Structures are given as C-alpha cells and as structure tokens.
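Okay, so here's the structure we're looking at.
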Amino acid sequence: MQFIQQFINGVHVGSIYALIALGYTMVYGIVKLINFAHGEIMMLGAYVGFFAIGLWGLPFPLALLVAMVFSALLGVVIERIAYKPLRNAPRISALITAIGMSLLLQNIALVLFGPDPQKMPAVISKEAIHLGSIQISYLTIVTLVLAVGFMILLELFIKRTKTGKAMRAVSQDKAASTLMGIDVNRIISVTFAIGSALGALGGVLYAVAYPQVEPYMGIMPGLKAFVAAVLGGIGSIPGAMIGGFILGIMESLTKGYISSQWSDAVVFGVLILVLLIKPSGLLGKNTREKV
Amino acid sequence: MTEKRKRLVINISLILSVYVILFVLIKLKVINRYYEGIMIACLINVILATSLNLATGFLGQLALGHAGFMAVGAYTAAIVTKTIGMPGTLQLLISLVIGGIAAGAMGVVIGIPALRLRGDYLAIITLGFGEIIRVMLFNLDITGGARGLRGIPKLAGFNVVFWVCVLVVAVLYAVTHSKQGRAIMSIREDEIAAEAVGIPTVNYKLLGFVLAAFFAGVGGGLYAHYMTVLDPKTFNFMRSVEILVIVVLGGMGSLTGSIIAAVGLTILPEALRSFSEYRLLLYSALLIVMMIFKPGGILGQREFSVQGLLKRLKKPVVEGGEE
Amino acid sequence: MSLLSCKDIGISFGGLKAVDGFSIDINQKELVGLIGPNGAGKTTIFNMMTGVYLPTEGDIQLDGKTLVGKKPYDIVQMGAARTFQNIRLFRDLTVIDNVKIALHHEIDYGLFAGIIRGKKYDRAEEKAQVEAMELLKIFEMEEYAEQKAKNLPYGKQRKLEIARALATNPKVLLLDEPAAGMNPQETQELMDTIHFIRDHFQIAVLLIEHDMNLVMGICERLIVIDYGKIIAKGTPEEIRSNEEVIGAYLGS
C-alpha cells in the first residue's frame, strides 16, 4: 500500500516536473540552448500567482492565467534582451549568459521579496479521496488534470496549427525556414512564451503543493526538470513529459524507501547514468555533426 | 634562448619584489590581520580561477562544479592533516598534494563519461556533481555533517599561500605554452579538426579537466588550512559561479586576466561592504553584459606582460586583428 | 600493393544508402581525382576513410592495415591526412600554432618536461618552429606566421589547411574541394601547388572536386561517382568522353 501511495505522490510531483521540463526541451529544440533561467521564470510565475491569490484575491483559475501570461512575457523579453544577440556566438557564451540571467532573476526576487519563504494560501482543498487505505488529495487530482490538459493542448498546437508546424520547421533548420517565409524571430518568441507559461503553471502548482514561495524555489525543481528533459531526450516533447513523470516517481520512491536526504543525489546520479548509457535520452534522436 | 631567459628573469624579479613588499608591510603591521585575510582570499581565488580557466577558457568546456572539486580537496586535505598530524609546512604540502589528487581522481570519474558528450552536457553533469558532493558533505560523518569540519590546524599563512599560488600559476602557464597546451586549445577551436590532425582529443580533454580539478583541490586544501573550519554551505553552486565570473571577466584563455579579475573581484565586495546585498545582483548583471558586449573579457586570450607593456609604451603600434 | 585501398565500402543513413560498393586503389605518389555532382557521396567517402563515419560494409586499408573502426586521430598517425570542404582551422590561434598542433606527434617531450621547460623542451620546440616555418614557406606564408588564422584571406586559409595536413607527415593526402570559393586564377595556382606537393613530398593525393574541368589538368586518374556508386573510372581523356558521366552532369 505504501508503494502505491508513494507512487501517487510521485505522479503528482512528476507532473509538475514534466510541465517545467517542457520549457527546457522546447527552447533547446529550437535554439539549442539550455535556458538556465527557466527555473527562475517558474519561480517568478509562482510569486505572481501568490500575489494574485493572496493580495489581489483573484480566484485560482484567474490567478493561474495571470501568472502564465506574466511569465510568457518575461520569457520573451529575456530572449530578446539576453539570448538573441548571442544567437551566432559560441555556445559557451550563450550558456554563461543563461546562467547569469538565472542568478540575476534570483537576486532581483531576493531584493524585491526578501529571503524568507512566504506561505501560499490553501486555494485547493487538502481533503482527500479515500480508496481503501490509499489517499488521493484533490490537489493531486487538480494538478494532474491541469498538467495533462495543457500537455494535450500543446501537442495539438504543435501538430495542428500553422505556428506549431513552423516551430517544428525552425527546430529542423533555421536558415531553410527563413527561406520558406517563416518569421524565425517570431517563432522563437512564441516558443519562449509557451515554455515559460507552462513553467509558471508548474511553479504555481509547486507553490500550492509545498505551500510556500521563496526566491530560491526555482533552483531544485528547475534542475530536476532539466534532468527529466535529458532523461526523456532533450528536444523531444513527449520525452519531457515521460521524463518528468519517471523522475517524480523515482524521487518519491527514493524518499519513501531509502532516505529523503539522499534523494537529490539520486536524481543527479540518474542523470549521469542516462548520459553514460544513452546520451540521447529515452525518445531522443542521435544527431551527428556534419563534417 | 636568451629571450626566454630574459623573460624568466623579469618575471622572477617581479614576483620576488611583490612578495618582499607585501612581506615587509605585514611585518611592519601596515597590513593588518584583516587585510592579510583579504590578500589570502585573493590568492586562493587566483588558484581557483586560473585552474578553471584551463578547463573553460583553454579547453572550452563549461564546468560548473569547481566548488565541488575545491570541497573535495579541502575536506581531504583537512582530514589527512588531522589524521597524520605532523607539524608544520611539510604536513601542509603532503595534505595539499593528497587533496589535489583526490579532486583530480574525482575529475577522472566525472570526466570520462561527461567529456565524451557535447559541451553543454558537461555543464550539467559538473553541476550535478557539485550538488552530489554538497549532499555528501552534509550527510557523511567523516565530513562533520551540517556542522562542518572543525579544528583543522592553521598551517597556511601568507607565505605558503603566496608561493603555492605562484607555483600553480607557473605550472598552468607552462602547460598552456607546451605542445599539450596547444592540443588543449585546438580542441576548443575545433574538435573535429583537432582529431583530423592527430590530436587524441579524449585524452587531452581529460588532461585539461583533471588538471583543473587537481589545482582546485589544492586551492581548497589551502583554504581549509587557513580557515581551520569548513562549512559545507560554502561549497555551493554560487561558489562555482563566482569563480566562473572571475574567469569570464578576466578573459577566457588568459591566465593574467584571471589573476587581475580574481584580485579585483575579491577586493571589490570587501570595499563595498554595505553593498553586499547587491553583490550577486551585480555579478550576474556583469556576466550577462560581458557576454553580450565584450565576450572576450578584459584581456581576451592575450596575456599581460611587462615587456609587452614597455613595447607598447615605446612605440604605439596599431594592433592588427584585435578581437 | 596499393597504398590506400577501399574494398566494396558502403554506408547507409537511416536506411538510405549514401555510398554503395565503392572500391578504389591508390598507389604511391599517385594523384587521383574523385569527382561527381553535389550530393554524390564524395565527402562521405572521405569521412569513412578518415574514421569520422564507420562504414556499414567493406574494408579500407592503408599500407595493408585496416582503417575501419580506428579513431580519426589514429588514422592520421597511420598516414592519411585530410582537409575539409568548409575550412576548419583553429581560428583564434596563430598560423604557426595551427601547423605546430599538427606536428604534435613529432614533438617529443612529455607533460612533465613541458612544465619544467628544460633543454629537451627548448630543443623540441625549436625544431618544431623550424619545421613549421619550412612548411609555411612552401605556401609563401612565412610573413603570416604570427597572425591569427581567422584573419587570413580566404585563399590563404585554404592553403594553411593543406599545410597543416602536410605537417602530420602523411602518406596520402585527402583534399576535400580545396578550390571551393576560389576564382579561376587562384584555382590554377592551387592546382600547381598540389602538383608540386605531390612531387616534393612524394606522397599520394586524392582530390575531391565537383567541377570536372579543374581536375582534368592535374590528375592522372579519375573516379566518377553519382548517387553513391562509381559510374566511371579512367584517365581524364576517357572520362571526358564517357556517356554516363556526361549524363550525370547534364542530368539526362
């Protein structure tokens, strides 16, 4: 029974990781950049959600929307200011800039909101449905429904819409896409917007689950979501979803059966193992550099 | 080679005079305890930054776990000293070497899987490694857990730190100016081309990475024996980033740039104590602005030298092909 | 026995046969041209010969030793050096360092000696300096020795890449479209240089080109491929009048 309970907890946190991982994988797929600032975009989204609920008294769905729109804009602005000038620079420069951006946002949050965690109001009932000795909280259900719902929307968007097709084209070949009349800059902006909005969704759900917000809250979930993206195969959207769930479940089981202190070490151990055995991840494609 | 000898003489006399001046100032108490502490912090940062520069600036691999290697060196050296317990500098040197070897061995363990992969994965793996090290420091008995490791004999003072720092920089300079150094730089420039002219790239990536880890371990060992207390919190991701900022600011691929930036960025926050809340804000903004507007850092890939400076002062030459 | 021989090599990418049943024998000091339209598989053949790609079938031998499964850097040491279609120099390093890197295995000292910088280091480095300058002289590039490679004019960059390949002391030199992007006069000069290299260093040269006319003048033998398969072999004269070759180029 304990196993199933831990499994359910894992699915809960895993769906949040999956949402955040989508942002990493989409951005990587298009501009080949690990957006280190993604965890901080998620953190700021969570803060906006926190203010929307606690300060402005907005209902939960509206607060979610506000947080997602805010983060989408933030993601676009960050790309325009910091990443776009470096699109043709060596990869290491863009990577360092992304790290800089991550720290900058963290410290802005630190200056604006102070270092202390603030309690997230309980917007979703903590009550649970009992199935025999197993409990499933409403929060878990809401989280799961939202996460899966948005993943389906994303999948439809990418497969069915013109913009979605253009995104896939840009991820294949930027130059050729430009020649086909695709506005590559716009597509990159859209990618950052969607990825960041999903990150904010994950952030608010994370803040509701642990109920608090703090400036450093983006670091660990951000890193873990990145590991999830690599595990699933970076650049692959279904990969990020699967990777997120696997990672969440694995983490939850480690906490339940081994030790909660070591769970972070286990996560990174998994990363190193994946990269050793199958660097392209579960669903990733092997790419080779053209010589 | 008279040119080489001349340069050697100039550099040695320069280093000696800096040493003598600082030594005398300390003895005359013009430099008090507090300033001496800042100086030692500068020197340790020089070791960390120049060694990271070998991996990131010269080899071109973004490593984000330098604080982890520093921690391995620091804890290993401290534990060695506490167990053996010989008095004095000999013990320190033994501990430093063992600490460096432990960090280097860790570099091999991380490097073999990570260096086979593309560059950005190395960044993540080293970052993950740094986190694993931190979790271990917090949870193992031998490292003293969250309370930290206490009671390390204070074996490192200004003298030792200064000369170890000089030695480390000299070795790194020699390595980067040898055929091994050229092989390392060729990997940064174009890995496929390096292979195509016969450079065993895997070996040289590992060499650059492991040497960087080794010297980070040595730097950590010095830190342990100067501080006498090790707190696991100090070896976090932020510490790694701070070292990276120094390297980027000074210029990736310039050892002298790292030295200048290490001294500058160690003194600056001390000078602006009241500003300390904004230090990381400043660092991160600096990192972004540098990358966008001056990705080469202060010195680019050039090295600062007295001769070069003199030559420039004598006749202002128009530099061809500056970055 | 031939110096470099490929026996029925082939490779497929995702089910698509990029090269199929390719065989070639190159003798000592021979100058051979490998020609074909764009996308015919020429560079892929080079990539298999130099260990960048692993052929899915067939065998490649240099001096009787197989190259299949060897790392690119081992193949260089065995005696096959190459250049790239899209120039790959060490752009931020000086011209002379570009050459010295290729002299890596000639320069004889270990890491420790490199750190000590003693007599052994001095002697080896001095020797490398002389050798590198000699190579640059052949290409009339001594005066550029201390410049960064990226600041060289285009034609000189191509030449530097050849000089760098020669520094590895190869038995066979594989040149991938060395004249790409050059004007007719530069091209003619380059072809003369290639001829000179073959005579001076007494090595075999295999030259990729998609423009047939360029190689007609200097190659003794030509191999024409299209869609990954050999469609003709022979002297330039024979190739010039081959129906199939004309078809491949004109698109019959």
Side-chain angles (χ1 to χ4, degrees), chain B residues 1-5 7-8 57-58 60 116 167-208 210-211 214 251-254 295-296 300-302 319-323, chain C residues 46-47 50-52 71-78 80-84 87-94 97-117 119 121-126 128 146-152 161 164-165 167-170 174:
Chain B
M1 265 190 166
T2 49
E3 181 66 23
K4 181 186 153 197
R5 188 151 302 157
R7 228 178 303 159
L8 194 68
F58 289 90
R116 292 189 318 175
L167 187 67
V168 168
V169 174
V171 169
L172 286 171
Y173 179 86
V175 168
T176 52
H177 286 76
S178 66
K179 72 167 207 175
Q180 289 81 7
R182 281 194 296 264
I184 285 173
M185 285 188 274
S186 76
I187 294 169
R188 171 192 71 200
E189 295 293 316
D190 189 327
E191 205 172 325
I192 289 172
E195 281 194 326
V197 296
I199 303 296
T201 46
V202 179
N203 299 359
Y204 279 102
K205 272 204 246 180
L206 201 59
L207 176 71
V210 170
L211 278 178
F214 174 84
M252 286 191 278
S254 168
Q301 290 173 357
R302 282 167 307 209
E319 276 242 348
E322 198 178 342
E323 259 185 279
Chain C
F46 263 28
N47 283 341
T50 53
V52 178
K71 292 271 180 202
Y73 44 79
D74 291 326
I75 292 175
V76 180
Q77 276 190 273
M78 291 168 75
R82 74 174 289 181
T83 63
F84 295 91
I87 309 174
R88 283 177 174 272
L89 289 173
F90 307 125
R91 293 170 54 81
D92 268 322
L93 303 181
T94 59
D97 274 352
N98 267 269
V99 179
K100 279 185 189 168
I101 287 164
L103 288 170
H104 188 80
H105 296 283
E106 300 253 312
I107 305 174
D108 180 31
Y109 61 82
L111 180 64
F112 192 66
I115 292 171
I116 301 294
R117 288 156 83 80
K119 281 257 157 53
Y121 166 90
D122 284 349
R123 242 179 283 137
E125 283 290 321
E126 216 163 322
E146 295 303 326
Q147 277 200 23
K148 280 190 181 179
K150 68 175 175 189
N151 295 329
L152 288 179
E161 212 191 9
R164 189 180 67 180
T168 64
N169 194 17
L174 308 171

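Residue numbers start from 1 in every chain, and the chains themselves are labelled A, B, ... in the order their sequence lines are given, proteins ahead of strands. No experiment lies behind these values; they were computed from the predicted model shown.
In this structure, C:Val76 and B:Ala196 approach most closely via the heavy-atom pair CG2-O, 3.2 Å. Here the closest heavy-atom approach between residue B:Ile199 and residue C:Tyr73 is recorded as O-CD2, 3.3 Å. Pairing each heavy atom of C:Gly114 with each of B:Ala174, the nearest pair is O-CB, 3.7 Å. Heavy atoms only, all atoms of each residue included: C:Ile107 and B:Lys179 are closest at O-NZ, 2.8 Å.
Using a 4.5 Å cut-off between heavy atoms, B:Ala194 contacts chain C through both its backbone and its side chain. For B:Leu172, no part sits under 4.5 Å from any heavy atom of chain C, backbone or side chain. Interface remark: C:Thr50 contributes no atoms to any contact with chain B (heavy atom separation under 4.5 Å). If you measure heavy-atom distances from C:Ile75 to chain B, you find no contacts under 4.5 Å at all. Both the backbone and the side chain of C:Ala102 come within contact range of chain B, with heavy atoms under 4.5 Å apart.
With a 4.5 Å cut-off on side-chain heavy atoms, C:Ile115 and B:Gln180 do not count as touching. Within the 4.5 Å cutoff, the side chain of B:Asp190 has no heavy atoms near those of the C:Leu89 side chain.
For the set C:Asp97, C:Thr168, C:Leu111, C:Leu103, the count of heavy-atom pairs under 4.5 angstrom toward chain B peaks at C:Leu111. Interface summary for chain B: among C:Ala113, C:Gly51, C:Gly110, the most heavy-atom pairs under 4.5 angstrom belong to C:Gly110. Looking only at heavy-atom pairs under 4.5 Å with chain B, the residue among C:Gln77, C:Arg117, C:Arg164 that has the most is C:Arg117.
Classification of C:Glu125 and B:Arg182 as a salt-bridged pair holds, one side-chain N sitting under 4.0 Å from a carboxylate O.
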Please assess B:Val197 against C:Phe90 for the test side-chain contact (heavy atoms from CB on, under 4.5 Å), listing each intermediate value before the final yes or no.
CA-CA 11 Å; B:Val197 296; C:Phe90 307 125; 4.2 Å; yes

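The closest donor-acceptor contact from the side chain of C:His105 to the backbone of B:Gly198 lies under 3.5 Å. With hydrogens and angles disregarded, a donor-acceptor distance shorter than 3.5 Å links the side chain of B:Glu189 to the backbone of C:Arg91.
Proximity of the aromatic rings of B:His177 and C:Tyr121 is defined here by a centroid distance below 6.0 angstrom, and this criterion is not met.
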